[in-house]
Amino acid sequence: MVADILNNRKLDAMVITDPFNMRYVSGFRGGEGILYISSTQKVLITDSRYTEQAEKESDFTVVEENSGHPRNTILKECIEKEGKAEGFRMGYEDQSLLCCQFDKMKEALAVNEWVPVHGDVDDLRQIKTEEELSYLAKAEEIGDIAFEKILKILKPGMTELEVAAELEYQMKKAGAENFSFSTIVASGLNSSMPHAIPGEKKLEEGDFVTMDFGCTYKGYCSDMTRTVVLGKASDKQKEIYNTVLKAQLAALDAIKAGVTGKSVDKVARDIITEAGYGDCFGHGLGHSVGLFIHEEPRLSPKGETLLEEGMIETVEPGIYVPGFGGVRIEDMVAVTKDGCINFTHSPKELIEIPV
Ligand SMILES: [Mn+2]
């Protein structure tokens, strides 16, 4: 609750500027504007493109900002209504408020103390409600549908961009509102770059093809990765693939409420290191997902946070060998008391696409 943040940080009011936090707190999906919240006022300031939408989506008092009644004048009026002559403490989101906006607010508003709230509002989003979990599961299901379709379409000669376009088309056809991030398709030597940008490269027989994609459903993101081989896999491809798979399955087994993110990361990392590929797994094992694609807490060597029931995590170990190629396998799961519920149902045994 935002009220807890106001209390804990002894704030008279706070402004929320992160678009995902705005949505989470107010219901407004437009992403443009600012929220002002105190114990007596809940105000959503946005411009005429969004005022009608904001009134429909949010129970906040919507105030239109325009050149005659600019944002900082409206905020000034909100502060005046609090009737506090001095010592006004205002919280702000230092992780999202632009410096240029902050400078103008500091100049315009009678605030005595500006208090950065860091990730306090983001933290409210860590534990998902049943409703949020159902949207996340649905978004991931759409990814599964797109993957099933792409397996029938993949063939040598297609460019990475065409594969990405097909995945996105299939997700939209299956009900996706949007994409969680730019779809990654990396084939052959490109697959050793974890976040390669799909390009004009044509798929060739013998390529690893890594596809990392996701969509949004009712604002909630999905995220999954599968790597397949076009044609028959070589022994080395099988060795790398099966090492990543072993690490991924072991990490999935290790997830449950009460363990740290770093302990889960270690399970996967140890397996990859023992196989001799420790230097080829540079990124963390996973991240949380919600309205935004990369949320806290993370599964990484630095992940001190204890996992809790209702948190979402991706589990995505990888091995990337420059000059050879790479593999990543990623599922998205919900943490439970004794384990996790895997929202990703696509097969994970190495798939060799007939050519
Ligand atoms: Mn991911």
Side-chain angles (χ1 to χ4, degrees), residues 20 122 125-126 128 132-133 135-147 150 160 163-164 167-168 171 176-186 190-198 208-217 219-228 241 244-245 247-252 254-255 261-262 264-265 267-269 272 280-303 305 307 311-320 326-335 340-346 348:
F20 298 106
D122 306 64
R125 292 168 25 204
Q126 286 190 5
K128 271 64 179 179
E132 290 179 293
L133 291 171
Y135 297 157
L136 288 153
K138 173 72 182 173
E140 194 73 350
E141 187 190 322
I142 292 170
D144 277 332
I145 292 168
F147 182 67
I150 202 73
E160 293 169 344
V163 178
L167 279 167
E168 293 179 354
M171 286 193 281
E177 296 168 339
N178 210 331
F179 308 113
S180 312
F181 52 90
S182 296
T183 302
I184 296 167
V185 176
N190 291 342
S191 61
S192 65
M193 296 180 278
H195 275 193
I197 297 167
F208 269 138
V209 184
T210 297
M211 294 163 281
D212 185 349
F213 54 99
C215 67
T216 60
Y217 179 78
Y220 286 83
C221 295
S222 66
D223 194 2
M224 64 183 283
T225 307
R226 287 293 183 269
T227 304
V228 301
Y241 189 93
V244 175
L245 180 59
Q248 208 247 3
L249 294 172
L252 286 170
I255 289 187
K262 72 176 182 186
V264 183
D265 179 277
V267 169
R269 202 164 297 279
I272 289 173
C280 303
F281 175 28
H283 58 74
L285 178 67
H287 53 89
S288 193
V289 185
L291 289 168
F292 186 50
I293 182 62
H294 295 128
E295 297 191 348
E296 301 295 332
R298 292 177 191 253
L299 307 180
S300 85
K302 286 191 268 175
T305 307
L307 300 184
M311 285 179 174
I312 294 282
E313 292 295 340
T314 67
V315 181
E316 47 179 312
I319 293 177
Y320 312 95
V327 172
R328 180 167 62 258
I329 305 170
E330 174 181 30
D331 289 349
M332 190 172 90
V333 309
V335 179
C340 66
I341 299 166
N342 197 332
F343 287 165
T344 320
H345 300 294
S346 293
K348 277 189 288 200

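Each ligand, and each atom within it, is numbered from 1 in the order the structure gives. Heavy atoms only: backbone and side chains are in, while hydrogens, waters and symmetry mates are out. Since this is a predicted model, take the numbers as computed values, not measurements.
- Within the 2.8 Å limit, E316 places at least one N, O or S atom next to the Mn ion (ligand 1).
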Can I184 and T210 be said to form a side-chain contact (heavy atoms from CB on, under 4.5 Å), step by step? CA-CA 8 Å; I184 296 167; T210 297; 5.5 Å; no

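- Distances from the Mn ion (ligand 1) to the N/O/S atoms of E330 are shortest for OE2.
- Between the side chains of E316 and H287, a donor-acceptor pair is found at a separation under 3.5 Å.
- Looking at D223 and the Mn ion (ligand 1) together, the shortest N, O or S contact belongs to OD2.
- Contact of the L307 side chain with the L299 side chain is registered, since non-hydrogen atoms from C-beta on lie closer than 4.5 Å.
- Between the side chains of E168 and T183, at least one donor N or O sits under 3.5 Å from an acceptor N or O.
- For residue H287, an N/O/S atom approaches the Mn ion (ligand 1) to within less than 2.8 Å.
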